[in-house]
There are 2 protein chains.
Amino acid sequence: MSDTYGIAELAREFDVTTRTIRFYEDKGLLAPLRKGQRRVYASRDRVRLRLIMRGKRLGFSLDEIRQLIDLYDVDPSEVTQLRHFLDKIHEHKEILIGQQKDIAETLAEMERIEAQCSSLLSEKQKKRQTAN
Amino acid sequence: MSDTYGIAELAREFDVTTRTIRFYEDKGLLAPLRKGQRRVYASRDRVRLRLIMRGKRLGFSLDEIRQLIDLYDVDPSEVTQLRHFLDKIHEHKEILIGQQKDIAETLAEMERIEAQCSSLLSEKQKKRQTAN
DNA sequence: CGCCCTCTTTACGTTTACGTCAACGTCAGG
DNA sequence: CCTGACGTTGACGTAAACGTAAAGAGGGCG
C-alpha cells in the first residue's frame with residue numbers, strides 16, 4: 001500500500017478526468033499536499049473523493065457536498081460548534097430520509113408497471129404460439 | 001375538483017416559477033392544452049409535474065426524467081417496444097437500488113458520527129455541572 | 001373606455017460543473 | 001541530449017436549468 005496517489009491514478013480509479021479532480025480542489029473539496037508543484041494525494045483525500053462521488057450520485061451540488069464532508073473534519077472542542085454540527089447532521093438526515101421515500105415510491109411504481117407489462121408480453125407470446 | 005389548472009396555480013402548488021413550468025414544456029416534459037393562447041393543464045399534466053419534482057429530488061437530469069415519464073405513456077402494442085421498455089425499467093431500477101445503498105451507507109455514517117458527537121456533548125455538559 | 005392583472009413570447013443573463021486547448025515544467029529512458 | 005509521458009497553471013468554451021427583463025395580447029370591471 002503506497003498510501004499516496006498521483007492525480008492520474010485517482011482519476012483512473014474513480015473514472016473522472018484530472019481536470020475534474022483539480023476542479024474539486026478549486027472548489028475547496030480537496031486539499032492535497034504538494035511535492036514541489038505536483039499534487040500528492042493521501043488516503044484521506046481518497047476517502048474524501050469517494051464521499052464526493054457518492055454525494056454526486058445522490059444529486060447533491062458540489063457546494064452541499066463540501067459542507068457535508070467538512071462535517072467529518074469538525075474540531076469537537078467547542079460546544080457551540082458541536083450543536084451546530086448536530087443540526088447540520090439532522091438536516092441532512094431529513095433530506096436523505098425524504099429521498100429514501102421517493103425511491104421507495106418510484107421503485108414500487110416501476111415494479112407495478114413492470115409486472116403489468118410482463119404479463120402483457122407473455123400473453124402476446126402465447127398468441128404467437130397458438131398462431132403457429 | 002376543477003380538473004384543469006392555470007400555470008400560476010400549478011406554480012404555487014409545486015413551489016416553482018411559471019418560467020420553470022414553461023421551460024419543462026420547451027424540453028418536452030409537459031404538453032398542456034391551449035385555450036386560445038393560454039395553457040390549460042389537466043390532472044394528467046399535474047401528475048407528470050409531480051413525477052418531475054420527484055425525479056429532481058433524486059438528482060436526475062430533465063432529460064433522464066423525460067425518458068422516465070415517457071415510459072408511463074408507452075403504447076403496449078408492439079412487442080419490440082415492450083422489451084425495450086422493460087429494459088429501460090430494469091436499468092432505472094438498478095440506479096435506484098444503487099442510490100438506496102448510497103443513502104443507507106451515508107445515514108449509517110451520519111448516525112455513527114451523531115452518536116459520538118452527542119456523547120461528547122453530554123460529557124461536556126456534565127463537566128459544566130460539576131464545575132458549578 | 002381605460003386600467004389592471006394575468007398570461008404570452010422572445011431574448012439575453014447566470015450559475016454549476018466541468019471540457020478543451022495552450023504553453024510550459026520535470027523527470028526517466030534510450 | 002532528446003523524446004515522451006505526465007503534470008502544472010491559466011483561459012476560454014459549453015451544456016443544463018433556470019432567472020429576468022421587455023413588450024405585447026386579452027379579459028374583467030368600475
Side-chain angles (χ1 to χ4, degrees), chain A residues 2-42 45-46 48-70 92 95 99 102, chain B residues 2-42 45-46 48-70 92 95 99 102:
Chain A
S2 67
D3 212 28
T4 66
Y5 312 84
I7 190 168
E9 203 173 341
L10 281 186
R12 266 192 306 277
E13 180 176 349
F14 290 98
D15 196 33
V16 294
T17 65
T18 59
R19 170 69 176 104
T20 298
I21 295 182
R22 290 195 197 96
F23 182 74
Y24 293 161
E25 184 177 343
D26 264 27
K27 294 296 163 183
L29 294 169
L30 292 172
L33 296 175
R34 300 290 181 124
K35 195 170 185 171
Q37 208 175 23
R38 307 219 168 169
R39 290 164 175 82
V40 179
Y41 298 86
D45 298 307
R46 193 162 149 248
R48 286 177 84 95
L49 193 46
R50 190 184 307 284
L51 291 176
I52 294 170
M53 301 314 283
R54 201 170 62 188
K56 289 200 59 183
R57 284 197 301 275
L58 295 176
F60 294 102
S61 75
L62 292 185
D63 214 70
E64 291 168 323
I65 294 174
R66 184 173 44 71
Q67 291 177 35
L68 282 170
I69 61 185
D70 280 353
H92 192 61
I95 299 177
Q99 285 193 340
D102 281 332
Chain B
S2 67
D3 213 27
T4 66
Y5 313 85
I7 190 168
E9 202 174 342
L10 282 185
R12 267 191 305 277
E13 180 176 350
F14 290 98
D15 196 32
V16 294
T17 65
T18 58
R19 171 67 175 107
T20 298
I21 295 182
R22 291 196 196 96
F23 183 73
Y24 292 161
E25 183 177 343
D26 265 25
K27 293 296 163 184
L29 293 169
L30 292 171
L33 296 174
R34 299 291 182 123
K35 195 169 185 172
Q37 207 176 20
R38 307 211 168 177
R39 291 165 174 83
V40 178
Y41 298 87
D45 297 307
R46 194 162 149 248
R48 287 176 82 96
L49 192 47
R50 192 185 306 284
L51 291 176
I52 294 170
M53 301 315 284
R54 201 170 61 189
K56 289 202 60 186
R57 284 198 300 275
L58 295 177
F60 294 102
S61 74
L62 292 185
D63 215 70
E64 291 168 322
I65 293 174
R66 185 173 44 70
Q67 291 178 36
L68 282 170
I69 62 184
D70 280 353
H92 192 62
I95 299 177
Q99 285 193 339
D102 281 332

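Scope of the values below: all heavy atoms of this structure, side chains included, with no hydrogens, waters or symmetry mates. In what follows, chains carry the letters A, B, and so on, assigned in the order in which the sequence lines appear, proteins first and then strands, with residues in each chain numbered from 1.
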**OP:** Identify which nucleotide among dG19(C), dC18(D), dA17(C) has an atom closest to any side-chain atom of S61(A), counting heavy atoms from C-beta outward.
**Re:** dA17(C)

**OP:** Please tell me which of the listed nucleotides, dC7(C), dT20(D), dC18(C), lies nearest to the side chain of R19(B)?
**Re:** dT20(D)

Original post:
Think Y24(A) has a side-chain N or O under 4.0 angstrom from the OP1 or OP2 of dC18(C)?
Top reply: yes

Original post:
If only side-chain N and O atoms of T20(B) are considered, is one of them under 4.0 Å from the OP1 or OP2 phosphate oxygen of dG19(D)?
Top reply: yes

**OP:** Would you please test I21(A) and Y41(A) for side chain to side chain contact (heavy atoms under 4.5 Å, CB included) and show each step?
**Re:** CA-CA 11 Å; I21(A) 295 182; Y41(A) 298 86; 3.3 Å; yes

Using atom [atom1] of [X] as one end and atom [atom2] of [N] as the other, report the distance to the nearest whole Å.
X      : N       : atom1 : atom2 : answer
R12(A) : dA5(D)  : CZ    : P     : 14 Å
I7(B)  : dT6(C)  : CD1   : C1'   : 11 Å
L10(B) : dT6(C)  : CG    : C1'   : 15 Å
M53(B) : dA17(D) : CE    : P     : 13 Å
K56(A) : dC18(C) : NZ    : C1'   : 8 Å
R22(B) : dT9(C)  : CZ    : P     : 7 Å
F23(B) : dT14(C) : CZ    : C1'   : 13 Å
L29(A) : dA17(C) : CG    : P     : 9 Å

Less than 4.5 Å apart, side chain to side chain, heavy atoms only: is that true for [X] and [Y]?
X      : Y      : answer
L29(A) : L62(A) : yes
L30(A) : R39(A) : no
R46(B) : L49(B) : no

Subject >> Salt-bridge criterion met for R48(A) and D45(A) (N-O under 4.0 Å) >> reply: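 No, no charged N to carboxylate O under 4.0 Å.
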
Original post:
Knowing that exactly one of R54(A), R57(A), K56(A), Q99(A) qualifies, which makes a side-chain hydrogen bond (donor to acceptor under 3.5 Å, both in side chains) with D102(B)?
Top reply: R57(A)

Original post:
Where each residue is assigned the nucleotide of DNA chain D containing its nearest heavy atom, which of T17(B) and K27(B) is assigned the position nearer the 5′ end?
Top reply: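 By nearest-heavy-atom nucleotide position, the 5'-most residue is K27(B).
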
Subject >> A11(A) versus T17(A), closest heavy-atom pair with distance >> reply: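 Here A11(A) and T17(A) meet closest at CB-C, 4.1 Å.
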
Original post:
Heavy-atom contacts under 4.0 Å between residues 31-41 of chain B and DNA chain D, which residues?
Top reply: none

